[in-house]
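Below: one structure, written as structure tokens.
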There are 2 protein chains.
Amino acid sequence: MAEKTIYSVQSVERSLNLLEAIAGCENGIRIKDLAERENLHLSTAHRLVSLLEHRGYVEQEPESKKYFLGMKVLQLQGYLFKSRRLNDVAAQELKRIVYSLGETTHLAVLSEDSVVYIESLEGVGSVISRAPIGKKVHIYSTALGKALTAWKPQDEVERILHRTEMAPKTPNTITDVQAYLNELSKVKLNGYAVDRQEHSMISCCIAAPIRDHRNEVVAAVSVSCPAHDFTKESEDRIVRELMSTAYNISVKLGYSH
Amino acid sequence: MAEKTIYSVQSVERSLNLLEAIAGCENGIRIKDLAERENLHLSTAHRLVSLLEHRGYVEQEPESKKYFLGMKVLQLQGYLFKSRRLNDVAAQELKRIVYSLGETTHLAVLSEDSVVYIESLEGVGSVISRAPIGKKVHIYSTALGKALTAWKPQDEVERILHRTEMAPKTPNTITDVQAYLNELSKVKLNGYAVDRQEHSMISCCIAAPIRDHRNEVVAAVSVSCPAHDFTKESEDRIVRELMSTAYNISVKLGYSH
DNA sequence: TAGTCAATATCATATTATGAAATAAGGGGA
DNA sequence: TCCCCTTATTTCATAATATGATATTGACTA
């Protein structure tokens, strides 16, 4: 928590702002609009974006002149997995879950205030489709979110929630900070988190934390299953599989407590 | 092709260099080594990397002080519009291939000089394992590379090859620019590309181009199969499936020629 | 064909990023 | 336990660099 001094390098910050702005534009954006939106002079925006383009971070569609996010990002992402070892280690285990349970599974980490999917495997014939890798969801309505935050310091969780609008996704969604914190106590007690149609009416989800050598929760695995199949029995079966999977992955990451 | 002037913004370029350097370090890297490697003064490197850290692009492991790629990259990837649309659209079709052929399939795009995998599905019980998403491979030894470059202007392909060391991966690898260009003519004639143990002795691979509304090749799908199973019959069967898959995806992307 | 709007390029200048040097924080050895 | 050495972090004056104004090019429309 010890606050580090924050350095500012104007041109770099502007570049990152531009990159993220372009990233957020599904249909691309023209340089002029971009400059306006970011309050930059046209020539400045153009110079910075040209550089990003040259480096492959953004691409310009020749005919519309609109800028889109570039494929370089994918390459970076490829390195991310390698560097984190998580994926390599987790891939085998996820496959095993899918084979044994036939349900869709996800691997996710916490990034800033969000749950970010970093791997997913769709159950053969499963009704629940996998989330695209890189997708962000809120912490408050998902089992993964609960599993990823349950062991964090409470004040940190509160801070995240205060920055988040806890809009109800379904009638079951937890929309109250205190209620969420209570839920987290249960998660810690059980060792796993459950989403009972809180994110979507069609599915329920169970998630378990993955820990590294420091005993820190660094990721979480989940299994989703159709709400109408979610009985006490299936829940127990999934929990058993999931906990052992999460444990195996943790051990491979160096966890030994 | 008209050469654009390349702008340079020192601090931004340095930041991107640092980001990419960190990305390439599987085991993380300390600021001092990073500064040395990039020929930057320690304080400059530190300032820039701190900024990247603050923005979530890199993360510093507290005890070792080493820097790793951050999770922000995943969020960006989630925004990758083109590829996401591509992924959504392609996912269904890839699944179909896996079901019908039982072989591992890949979806890739060209980024800079490389083939980059953006989606992969492993065939149930297949010997060929899927490449990790984000992985880069050279264009000259893979069916995907051929499919992605065959319809590009020849001079562009030549330029890529001249920047690439065409090292033989197997005795079958094409290591000569002219031979590769000839191969591309065949690809264009057939409408699909084949790798006959050119990248690895254990597998063969067939790839077909995916086009968008402009008729441009924007991606390619491939099916890999064990070399010993690669008969004329299996080739035909795969080609048939693959071509219709590539066509379906193209149509969904707006292709209509 | 002229006129408009947006993208791209050039360039002098002031702002900003820089490197040097100081400080803080660990970590290992005596 | 304490000291020394290494490395991370911070500060700050200055020169180099990024900036915005302006000019040019190009594409589209009426």
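In what follows, chains carry the letters A, B, and so on, assigned in the order in which the sequence lines appear, proteins first and then strands, with residues in each chain numbered from 1. Note that the structure is predicted; figures quoted are calculated from it, not measured.
- The listed nucleotides are dT17(D), dT8(C), dT9(D); the one nearest the side chain of Tyr7(A) is dT9(D).
- Nearest nucleotide to the Val9(B) side chain, out of dA18(D), dA8(D), dT9(D): dA18(D).
- Put simply, His46(B) has a side-chain N or O that comes within less than 4.0 Å of OP1 or OP2 on dT9(D).
- Looking only at distances, a side-chain donor or acceptor of Ser120(A) sits under 3.5 Å from a matching main-chain atom of Ala131(A).
- We find that NZ of Lys32(A) is positioned 16 Å from C1' of dA27(D), with the value rounded to whole Å.
- Closest to the side chain of Ser11(A), out of dT9(D), dG20(D), dT19(D), is dT19(D).
- The aromatic ring centres of His46(B) and Tyr7(A) sit less than 6.0 Å apart.
- Nearest nucleotide to the Ile31(B) side chain, out of dA8(D), dG20(D), dA7(C): dA8(D).
- With dT8(C), dT9(D), dA21(D) as the choices, the nucleotide that has an atom nearest any side-chain atom of Lys65(B) turns out to be dT9(D).
- Contact annotation: Gln10(A) does not reach the phosphate of dG20(D) (side-chain N/O to OP1 or OP2, under 4.0 Å).
- A salt bridge between Arg37(B) and Asp33(B) is absent, with no side-chain N of the basic residue lying under 4.0 Å from a carboxylate O of the acidic one.
- When the side-chain nitrogen and oxygen atoms of Arg47(B) are compared with OP1 and OP2 of dT10(D), none of them lie within a distance under 4.0 Å.
- Contact check, Arg14(B) against dT18(C): a side-chain N or O comes under 4.0 Å of OP1 or OP2.
- Residue Arg30(A) has no polar side-chain atom (N or O) positioned under 4.0 Å from OP1 or OP2 of dC5(C).
- Using a 4.0 Å heavy-atom distance criterion, Ser43(A) is classed as a base contact.
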